[in-house]
2 protein chains.
Amino acid sequence: MDRFTALQVFRHVAELNSFAEAGRRLGLSPAAISKNIAELEAHVGARLINRTTRRMALTEEGRIYLEHIVRGLDAFSDADRALSPLRMGPSGTLRVSAPMTVTLTRLSAAIPRFLGKYPEIALDLQLDDRRVDLVREGFDLAIRGSDHLEDSTLIARKLAVMPHVLCAAPSYFEAHGRPKAPPDLRSHQCIRFSLSGHADVWEFKKNGRIERVAVSARYSVTSSLAVRDALREGFGLGLIPFPYVENDLREGRLQCALEDWRTVETTLYAVYPSRQHLAPKTHAFLDFLTEEFGQ
Amino acid sequence: MDRFTALQVFRHVAELNSFAEAGRRLGLSPAAISKNIAELEAHVGARLINRTTRRMALTEEGRIYLEHIVRGLDAFSDADRALSPLRMGPSGTLRVSAPMTVTLTRLSAAIPRFLGKYPEIALDLQLDDRRVDLVREGFDLAIRGSDHLEDSTLIARKLAVMPHVLCAAPSYFEAHGRPKAPPDLRSHQCIRFSLSGHADVWEFKKNGRIERVAVSARYSVTSSLAVRDALREGFGLGLIPFPYVENDLREGRLQCALEDWRTVETTLYAVYPSRQHLAPKTHAFLDFLTEEFGQ
DNA sequence: TCCGATCATTCCCCAGTGGTGAACAATATC
DNA sequence: GATATTGTTCACCACTGGGGAATGATCGGA
């Protein structure tokens with residue numbers, strides 16, 4: 001039986017002192033009211049309402065029961081109401097995981113604007129290049145740089161594609177020469193971003209031809225920014241997302257090599273647990289992200 | 001949908017951190033658990049639990065919701081528990097309405113024994129010769145002297161039949177003579193118990209013949225005990241339940257007349273609102289009554 | 001690395017439940 | 001007395017809530 005409606009019926013009947021009136025309020029037939037009360041009494045094992053066709057009054061049991069019931073029902077409507085602000089406007093605490101580098105280079109400057117737009121949102125932003133477990137660690141959303149398809153039941157929205165470029169400092173090219181084709185890389189000093197899915201093997205394409213080069217690197221590091229720093233110092237060649245070195249290239253601090261070859265690209269995804277019942281706060285942040293990376 | 005089970009499911013899932021385990025505890029299939037949670041989320045309009053097949057964690061909404069829900073569910077189990085003492089042993093307050101006279105003559109002496117036997121019962125005994133409205137005034141049980149069938153939806157259990165006798169004091173008979181047949185009563189001084197259903201017309205039967213006498217009385221009173229007092233004083237003839245005058249007759253203070261005619265009788269009923277879910281306290285009192293009147 | 005076990009979800013199917021509407025009995029009201 | 005209202009009961013029925021199996025994902029261990 002449906003306890004919940006039975007209890008609601010009981011409450012209405014008790015407070016309105018009438019079966020028929022309760023039925024009208026709840027949009028139920030008199031028959032339904034009668035049955036609900038009877039069921040509830042059967043469940044409780046006690047008569048709750050003494051009644052004839054014209055009069056009705058709670059029994060002692062009924063009074064005691066009602067008292068508790070009302071507390072319970074109120075708690076439930078409170079529960080629904082407690083969620084409505086979170087459902088209405090974007091508010092609450094938003095837990096986001098994002099990789100350090102991409103955040104610092106492309107996002108963190110814009111975040112105050114986001115927080116300014118949604119004063120009800122508190123942002124807990126965890127910068128971490130690990131691939132975090134969304135649900136285990138309770139994140140609402142994560143940003144991931146991924147080069148392969150998403151694996152799990154999570155939802156992924158593509159934010160941006162970051163093509164990689166092979167580059168080094170002018171001083172490096174002067175000292176070691178400039179590679180003409182991918183295989184030349186074997187004799188070069190390569191700097192490796194170790195968290196990349198293609199850290200060990202660098203891939204180049206031209207005219208449908210694919211060249212793979214197993215890279216041996218004396219310097220592996222878990223941040224592309226550290227790679228960039230090393231590149232600037234002329235320590236070696238690196239494969240690095242274009243946006244990170246855009247300024248360096250324009251201003252001549254770094255130069256590209258093998259520009260006629262296409263190489264890997266990192267796709268940036270926003271990942272979240274489910275598309276259903278997406279919380280407004282999460283929705284707002286998603287919009288912010290797509291807008292921010294969309295330009 | 002059944003909110004109640006959905007909420008129970010949600011609580012179990014949240015506290016056990018597992019859909020499957022919750023299913024086992026509640027005796028439900030995994031499918032049912034899944035559906036319940038999905039329904040609840042649809043009702044609430046927010047995702048309550050983030051989940052993959054292996055991990056699950058409450059969302060912010062889920063935590064808030066759970067907090068309220070638990071209060072509500074606890075209130076409900078409290079409600080059930082609050083009634084169980086009333087269901088188990090006879091206890092609580094028992095409200096009984098009874099006619100003054102029959103109580104004083106046949107019951108009140110035994111009541112302390114009843115209360116001694118059931119220490120958890122408090123008795124609120126309203127002595128009132130009115131015909132009270134059981135449910136309107138919130139009685140658990142009423143004792144009624146009735147000479148006609150019960151009229152309403154109430155349940156009536158027969159307690160005793162009290163035949164009436166026509167009697168008066170010896171002094172009265174000496175002064176006014178002894179009636180030989182019902183019609184003689186017209187010339188007698190009659191004392192009337194005005195609450196009786198047959199106060200105006202006294203009925204006598206013999207050999208299937210029925211005699212009705214319209215009684216004119218100078219003294220009408222609402223208590224049979226007052227009638228008895230008047231009879232003892234030799235003021236007139238009265239039709240009165242036999243038990244009330246049993247001692248007087250045995251000891252010669254009063255004498256019968258028309259003993260070869262059968263006259264009306266009052267049947268004593270215990271009346272209560274319903275046979276279903278009879279509270280133990282009421283049951284105990286009913287047993288007490290039948291025992292007390294049964295001898 | 002592969003296989004078996006476990007978990008949540010989805011689909012389909014079905015019994016059982018809660019609902020309605022009408023007939024009914026009791027009782028207020030006019 | 002006639003009428004209207006109320007709570008109960010009885011069929012009847014749509015629909016829901018549950019089980020079972022298949023599916024996809026993930027974990028743990030060999």
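Convention: sequence-line order gives letters A, B, ...; per-chain numbering from 1.
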Requested in this report: Could you check how far CG of B:Leu26 sits from P of D:dG18, rounded to whole Å?
Outcome: 10 Å
Query - side chain to side chain contact (heavy atoms under 4.5 Å, CB included) partners of B:Ala14, counting only residues at least two apart - result: B:Leu58, B:Leu66
Query raised in the report: Rounded to whole angstrom units, what separation is found between the CG atom of A:Asp2 and the C1' atom of D:dT16?
Result: 11 Å
Query raised in the report: Which of these nucleotides, D:dG18, C:dG19, D:dG19, is closest to any side-chain atom of A:Leu28?
Result: C:dG19
Query raised in the report: Which residue pairs satisfy the salt bridge (charged side-chain N to carboxylate O under 4.0 Å, His left out) criterion with at least one member in residues 17-31 of chain A, sequence neighbours excluded?
Result: A:Glu21-A:Arg24, A:Glu21-A:Arg25
Query raised in the report: What is the distance, rounded to the nearest whole Å, between atom CE of A:Met1 and atom P of C:dT17?
Result: 12 Å
Query raised in the report: Considering heavy-atom distances to DNA chain C, does A:Gly27 or B:Arg136 have its closest nucleotide positioned more toward the 5' end?
Result: A:Gly27
**Report entry** Sugar-phosphate or base contact per nucleotide [nucleotides 6-11 of chain C; S, B, -; heavy atom under 4.0 Å]
**Finding:** BBSBB-
Requested in this report: Only pairs at least two apart or in different chains count here, so list each salt bridge (charged side-chain N to carboxylate O under 4.0 Å, His left out) that has a residue in residues 32-43 of chain A.
Outcome: A:Glu41-A:Arg51
Query raised in the report: Can you list the residues that meet the side chain to side chain contact (heavy atoms under 4.5 Å, CB included) rule with A:Thr103, with sequence neighbours excluded?
Result: A:Ala98, A:Leu107, A:Ser108, A:Leu125, A:Leu127
Report task. Name all residues meeting the side chain to side chain contact (heavy atoms under 4.5 Å, CB included) criterion together with B:Thr282; count only those two or more places apart in sequence or in a different chain, and write none if there are none. Result -> B:Leu94, B:Asp140, B:Leu141, B:Leu278, B:Ala279
**Report entry** Aromatic ring proximity, centroids under 6.0 angstrom, A:Phe76 and B:Tyr65
**Finding:** no
